[in-house]
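Inspection log for the structure reproduced underneath, given as structure tokens.
Since this is a predicted model, take the numbers as computed values, not measurements.
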Amino acid sequence: MSFRGGGTNASSGMGVADHSKTTYMELQRKKVYRYVIFKIDEKKKEVVVEKTGSPAESYEDFTASLPENDCRYAVYDFDYVTSENCQKSKIFFIAWSPSISRIRAKMLYATSKERFRRELQGVHYEIQATDPTEMDLDVIRER
């Protein structure tokens, strides 16, 4: 009997909605979004898309979209110019777990993170943030 993929058991955390995967691919490949915010739907027992940001939106728009007292996962497509003046972008996975969120929410997001993160091919960096200073733009730029 195989325990890989497909089946959900307590250790693997939540499932991932197909819509979450396709929305991520649209950000990654087609640059349709600047960011995607995901939340765990406890009734459906899966990670779903809560909000997307258009390419014109800023990092400030993104951080303002995260709830201050609840956990979320997010991906952000960070554009930058290299020292050789080349336009590049890196995709950041952010596990947002504010210190004031419920213990149950923190545990749920912590146990589901690895499985969800494995579904997102092509993420360059991962940030775990418990308050806004741990994921401000300077932190992103330093990576």
Side-chain angles (χ1 to χ4, degrees), residues 3-42 44-143:
F3 286 103
R4 295 206 45 168
T8 54
N9 60 22
S11 66
S12 69
M14 295 287 163
V16 181
D18 287 338
H19 179 65
S20 293
K21 295 178 208 171
T22 54
T23 304
Y24 170 73
M25 284 184 206
E26 287 170 348
L27 173 141
Q28 181 194 27
R29 298 194 181 128
K30 299 179 185 158
K31 306 287 183 196
V32 176
Y33 309 112
R34 171 67 56 209
Y35 62 85
V36 183
I37 297 173
F38 302 94
K39 72 176 194 173
I40 291 177
D41 183 326
E42 290 191 60
K44 293 182 181 169
K45 296 212 179 320
E46 63 184 10
V47 178
V48 298
V49 173
E50 180 178 55
K51 182 177 198 274
T52 56
S54 74
E57 289 191 52
S58 69
Y59 192 73
E60 288 71 32
D61 296 326
F62 162 65
T63 55
S65 298
L66 291 168
E68 59 185 47
N69 61 354
D70 201 4
C71 305
R72 292 292 184 272
Y73 303 124
V75 286
Y76 185 84
D77 189 7
F78 179 67
D79 289 335
Y80 64 100
V81 178
T82 66
S83 52
E84 296 85 38
N85 213 18
C86 291
Q87 188 74 35
K88 298 261 187 175
S89 83
K90 295 280 184 211
I91 296 174
F92 283 79
F93 175 82
I94 298 166
W96 172 242
S97 184
S99 44
I100 58 172
S101 56
R102 297 185 341 267
I103 301 279
R104 177 168 160 42
K106 287 184 205 172
M107 287 176 56
L108 190 59
Y109 277 79
T111 56
S112 302
K113 185 181 88 167
E114 279 313 306
R115 178 164 181 212
F116 179 54
R117 176 71 184 75
R118 280 197 303 270
E119 298 285 348
L120 308 178
Q121 300 298 314
V123 166
H124 300 104
Y125 299 105
E126 186 174 315
I127 292 176
Q128 174 76 45
T130 57
D131 76 73
T133 61
E134 295 177 343
M135 54 174 269
D136 72 19
L137 203 47
D138 293 334
V139 174
I140 300 281
R141 284 194 186 107
E142 280 168 20
R143 292 290 175 100

- Message: Counting C-beta onward and ignoring hydrogens, is there a side-chain heavy-atom pair between Thr52 and Leu27 closer than 4.5 Å?
- Response: no
- On a heavy-atom basis, the closest approach of Ser101 and Asp70 is CB-CA, 3.9 Å
- Item | Pairing residues for Tyr80 by the side chain to side chain contact (heavy atoms under 4.5 Å, CB included) criterion, not counting sequence neighbours | Phe78, Thr82, Lys88, Lys90
- Query: For the residue pair Ser89 and Asp77, what are the closest heavy atoms and their distance?
  - Reply: OG-OD1, 3.1 Å
- Message: Would you compute the distance between atom CE of Met25 and atom CG of Leu120 and round it to the nearest 0.5 angstrom?
- Response: 9.0 Å
- With Arg117, which residues qualify under salt bridge (Lys or Arg N to Asp or Glu O under 4.0 Å), at least two apart? Glu126
- Could I get the full list of side chain to side chain contact (heavy atoms under 4.5 Å, CB included) partners for Gln121, not counting sequence neighbours? none
- Item | Aromatic plane relationship, Tyr73 with Tyr109 - under 30° parallel, 30 to 60° tilted, over 60° perpendicular | tilted
- Message: Rounded to the nearest 0.5 Å, what separates atom OG in Ser112 from atom CE in Met107?
- Response: 10.5 Å
- Item | Under the salt bridge (Lys or Arg N to Asp or Glu O under 4.0 Å) test, residues paired with Arg29 that sit two or more places apart | none
- Query: Does the side chain of Arg34 come within less than 4.5 Å of Phe62's, by heavy atoms?
  - Reply: no
- Sorted by chain and residue number, the side chain to side chain contact (heavy atoms under 4.5 Å, CB included) partners of Val32 (sequence neighbours excluded) come out as Glu26, Lys30
- Message: Please verify the inter-ring angle class for Phe38 with Phe116; under 30° counts as parallel, over 60° as perpendicular, anything in between as tilted.
- Response: perpendicular
- Query: What residues, two or more places apart in sequence or in another chain, satisfy salt bridge (Lys or Arg N to Asp or Glu O under 4.0 Å) together with Glu134?
  - Reply: none
- Is Val75 close to Tyr33 at the side-chain level, that is, under 4.5 Å between some pair of heavy atoms? no
- Item | Under-4.0 Å salt bridge between Asp41 and Lys39 | no
- Check the pair Arg72, Ile94 against side-chain contact (heavy atoms from CB on, under 4.5 Å), reporting the backbone distance first and the verdict last. CA-CA 8 Å; Arg72 292 292 184 272; Ile94 298 166; over 6 Å; no
